[in-house]
Amino acid sequence: MWQRKQSFFLLLAGLACLSTWLFPVRTFDWGGKDNVTFMTRGIFDDEGVEVTDASLSTPYHILFSVLGGVFLVAIALFKNRPRQVRVVRSAWLVMLAVGVLQFIAGNSLKAYLERSGEVHSIYGISFFLPLLIIVLAFLAERAIRADEDLVKSMDRLR
């Protein structure tokens, strides 16, 4: 199970999903004034207090945790490769949707904050992690398909 490269890709994708809890998605700066940080678990000010004026409509931390769990569970589906392919494909498609929603939420938050002045934003690590997760899941899906093709070719030789 662990000697297969798709297991490694799925493990990295699952850990990347869970690491979005630790890093900011986007940080907004008013040029020396207070900063606002958009994390997957909420919107926080400089002191780490959650901002009550603006809140996230989507619980990104729960979505990323569930998707991380799906990627880790997909490792255990190695005996049923067609099911493993379906699970991984559906997970990375959902991850694509979550990444788009996260981008839209960041732009919406920036538009809200710009009502009180000019705002500069800096993208954080958690903004780019969904792209990495999609690439890792796609590579895992390709490796699973290659294993399945190899097994089918060996069955033809018998």
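The first residue of the sequence shown is numbered 1, and numbering continues consecutively from there.
In this structure, the side chains of Tyr60 and Phe38 come closer than 4.5 Å at one or more pairs of heavy atoms.
Distance CZ/Phe71 to CG/Leu136: 8.5 Å, rounded to 0.5 Å. Taking CD1 of Ile144 as the start and CG of Leu77 as the end, the distance is 9.0 Å to the nearest 0.5 Å. Here CD1 of Ile75 is found 12.0 Å from CZ of Phe9. Values are rounded to the nearest 0.5 Å. Considering CD1 of Ile104 and CG of Leu109, their distance stands at 13.5 Å, rounded to 0.5 Å.
Shown here for Arg26 and Gly106, the closest heavy-atom pair between the two residues is NH1-C, 3.2 Å. Taking each heavy atom of Cys17 and Gly68 in turn, the nearest pair found is CB-CA, 3.5 Å. Contact record, Ala74 with Val88: CB-CG2, 4.0 Å, taken as the closest heavy-atom pair. Taking each heavy atom of Leu129 and Ala16 in turn, the nearest pair found is CD1-O, 3.8 Å.
By the side chain to side chain contact (heavy atoms under 4.5 Å, CB included) test, Val94 pairs with Leu67, Val98, sequence neighbours left out. The side chain to side chain contact (heavy atoms under 4.5 Å, CB included) test applied to Ile62 returns Pro59, Val66, not counting sequence neighbours.
The aromatic rings of His61 and Trp21 sit perpendicular to each other, their planes meeting at more than 60°, with 30° as the lower class boundary.
Using modelled atom types, no side-chain atom of Thr37 and backbone atom of Pro24 make a donor-acceptor pair closer than 3.5 Å. Judged by distance alone, with hydrogens and angles left aside, the side-chain atoms of Ser108 form no donor-acceptor pair with the main-chain N or O of Ala105 at under 3.5 Å. Without hydrogens or angle criteria, Thr20 side chain to Ser126 main chain gives no donor-acceptor distance under 3.5 Å.
Each side-chain hydrogen bond (donor to acceptor under 3.5 Å, both in side chains) pair with one or both residues in residues 92-106, not counting sequence neighbours, appears once here: Trp92-Glu141.
The environment of CZ in Phe138 is sparse: at most 12 heavy-atom neighbours from other residues, nucleotides or ligands sit within 6.0 Å.
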